[in-house]
2 protein chains.
Amino acid sequence: MFKIKDLLIQNGIKPTFQRIKILEYLQKNDTHPTVETIYSDLYKKVPTLSKATIYNTLDIFRKHSLVNVLTISETEMRYEFNHGPHHHFQCRVCGKIVDVEVECPHSMKPVLEGYILEEVHSYFKGVCRNCNTAQSA
Amino acid sequence: MFKIKDLLIQNGIKPTFQRIKILEYLQKNDTHPTVETIYSDLYKKVPTLSKATIYNTLDIFRKHSLVNVLTISETEMRYEFNHGPHHHFQCRVCGKIVDVEVECPHSMKPVLEGYILEEVHSYFKGVCRNCNTAQSA
DNA sequence: ATGACTGCAAAATATTTGCATATTC
DNA sequence: GAATATGCAAATATTTTGCAGTCAT
């Protein structure tokens, strides 16, 4: 029931109302939202919410690996609930970002001896099925 | 001798002094610079250069696939001369970005039927050899 | 009660735009 | 000479910061 709240406590993060709502939002929405989107959507339920709090909160979540930050967009950051390793595809037409499961060795280690590999990010761009079929029709 | 100039002409881009210098800079420097870095470095030789021109010029180059845009940094864009497909590694300590050759199938197609795949971006983060050995020493 | 969190507003940073001047062919 | 490119400065957009007031435990 209080999974999100417990998750915060487990990570040593004080479970305030705003933090719970923001993390809940990310868990429920796999849309990789911008800060602006999070703000607009949560504003309805949490009218006192400010963007500064969202930025601060996301930064804390990131440090605890509760959320991932995507740099896939060229103009602003996208955030997602951390539900394990996967990649992303952004549609050039509608702009939506979807998760992609890719089997990919990412065999960098043999190439770069002596390097410490900590993060692997991959993303793809193109046209999604919806926009593709819409154009063809 | 005028390879860069010819390259611009071939692409239907008017080869102005600024454009030649910017593209030359990117060809000679594989440091994946920011606009700020390009500006600081070129300012010495091209004192009249403005950042607006750099932004405009890079946008033109991008449209002609002469340069690639990297979103690997969370705060600003990085640019590189387009010398074929490869990936990137950014060091968490020194911030430098290096090219990485990775054999990776990126077998997304079987996963996302009906999608048009146009771009593949992959980047890695961690600690580079220099910073790694420096820390150990 | 106390220490941390929030919200506001201002600041900082990155990028884009409008327009007069300068440059290219 | 005509058209386009440049440079400046202002505008825009995103993210960060300082501080007074509020909230959770």
Side-chain angles (χ1 to χ4, degrees), chain A residues 2 4-25 32-40 42-64 66-79 95, chain B residues 2 4-25 32-64 66-67 69-79 95:
Chain A
F2 287 128
I4 290 292
K5 185 171 177 177
D6 293 343
L7 186 56
L8 291 176
I9 294 172
Q10 283 166 26
N11 280 273
I13 303 170
K14 198 174 283 186
T16 68
F17 184 64
Q18 290 82 348
R19 290 174 178 176
I20 292 170
K21 286 301 172 191
I22 292 170
L23 193 52
E24 251 177 23
Y25 178 86
H32 317 84
T34 62
V35 166
E36 180 63 37
T37 306
I38 298 171
Y39 178 75
S40 312
L42 280 183
Y43 188 80
K44 303 161 192 165
K45 292 182 178 175
V46 192
T48 68
L49 188 66
S50 84
K51 281 188 192 173
T53 298
I54 298 178
Y55 278 107
N56 289 337
T57 300
L58 290 173
D59 211 47
I60 294 169
F61 289 170
R62 181 230 299 250
K63 282 174 187 156
H64 288 267
L66 294 175
V67 306
N68 297 323
V69 182
L70 313 186
T71 60
I72 187 171
S73 163
E74 288 171 7
T75 50
E76 77 268 297
M77 308 255 244
R78 303 294 195 120
Y79 297 85
Chain B
F2 288 128
I4 290 291
K5 186 171 176 178
D6 292 343
L7 186 56
L8 291 176
I9 295 171
Q10 282 165 28
N11 280 274
I13 303 170
K14 199 174 282 187
T16 67
F17 184 64
Q18 289 84 347
R19 289 174 178 176
I20 292 170
K21 287 300 173 191
I22 292 170
L23 192 52
E24 251 178 23
Y25 178 86
H32 317 84
T34 62
V35 166
E36 181 63 36
T37 306
I38 298 171
Y39 177 76
S40 312
D41 288 355
L42 280 184
Y43 188 81
K44 303 161 193 164
K45 293 182 181 177
V46 192
T48 67
L49 189 65
S50 83
K51 282 188 192 172
T53 298
I54 298 178
Y55 279 106
N56 289 336
T57 300
L58 290 173
D59 212 47
I60 293 169
F61 289 170
R62 183 230 299 251
K63 283 175 185 155
H64 289 266
L66 293 175
V67 307
V69 181
L70 313 184
T71 60
I72 187 171
S73 164
E74 288 172 8
T75 49
E76 78 268 297
M77 309 254 244
R78 304 295 195 119
Y79 297 85

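First the proteins, then the strands, lettered A, B, ... as listed; each starts at 1.
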Check: If you find the nucleotide of DNA chain C closest to B:Y79 and the one closest to A:R19, which residue's nucleotide is nearer the 5' end?
Finding: A:R19
Note to self: Taking the nucleotide of DNA chain D with the nearest heavy atom to each, does A:T75 or B:T16 sit closer to the 5' end?
What the structure shows: B:T16
Checklist line | Atom pair distance, as rounded to whole Å: NZ in A:K51 and C1' in D:dG18 | finding: 19 Å
Next item on the list: Determine, for B:E24 against B:R19, whether the closest basic-nitrogen to carboxylate-oxygen distance falls under 4.0 angstrom.
Entry: no
Check: So does B:Q18 get a side-chain nitrogen or oxygen closer than 4.0 Å to the phosphate oxygens (OP1/OP2) of C:dT24?
Finding: no
Notebook entry, point to check: Over how many whole Å does the gap from B:L58 atom CG to C:dT16 atom C1' extend?
Noted result: 14 Å
Notebook entry, point to check: Picking from D:dG7, D:dT15, C:dC5, which would you name as closest to the side chain of A:Y55?
Noted result: D:dT15
Checklist line | Closest listed nucleotide, where the reference is the side chain of B:T57 and the choices are C:dT6, D:dT6, C:dC25 | finding: D:dT6
Checklist line | Short side-chain to backbone donor-acceptor contact, B:T71 and A:T71, under 3.5 Å | finding: yes
Item checked: Whole angstrom value for the distance that separates C1' of C:dT16 from OH of B:Y39 -> 17 Å
Check: Roughly how many Å is it from NZ in A:K21 to P in C:dT6, rounded to a whole number?
Finding: 14 Å
Notebook entry, point to check: Which pair of heavy atoms, one from A:Y43 and one from A:L49, lies closest together, and at what distance?
Noted result: CD1-O, 4.5 Å
Note to self: Counting only side-chain heavy atoms from C-beta out, which of C:dG7, C:dT17, C:dT15 sits nearest to B:A52?
What the structure shows: C:dT17
Note to self: What's the separation between atom OH in B:Y79 and atom CD1 in B:I22, rounded to the nearest 0.5 Å?
What the structure shows: 11.0 Å
Next item on the list: Could you tell me whether the side chain of B:D59 and the main chain of B:Y55 form a donor-acceptor pair under 3.5 Å?
Entry: no
Item checked: Minimum-distance nucleotide to A:E76 side chain [options: C:dT16, D:dT14, C:dG7] -> D:dT14
Margin query: Below the 4.0 Å mark, does C:dG7 have OP1 or OP2 next to a side-chain nitrogen or oxygen of A:T53?
Written below: yes
Margin query: Output the rounded distance in Å from CG (A:D59) to C1' (D:dT17).
Written below: 13 Å
Item checked: Side chain of A:K14 (C-beta onward), nearest among C:dG7, C:dC25, C:dA4 -> C:dA4
Margin query: Could you tell me how far apart B:N56 (CG) and D:dT4 (C1') are, to the nearest whole angstrom?
Written below: 12 Å
Next item on the list: Please state how far atom CG in B:L8 lies from atom P in C:dC25, giving the value in whole angstrom units.
Entry: 11 Å
Notebook entry, point to check: What's the CG-P distance between B:L49 and C:dA22, to the nearest Å?
Noted result: 17 Å
Item checked: Shortest side-chain distance from A:S50, nucleotide among C:dC25, C:dT6, C:dG7 -> C:dG7
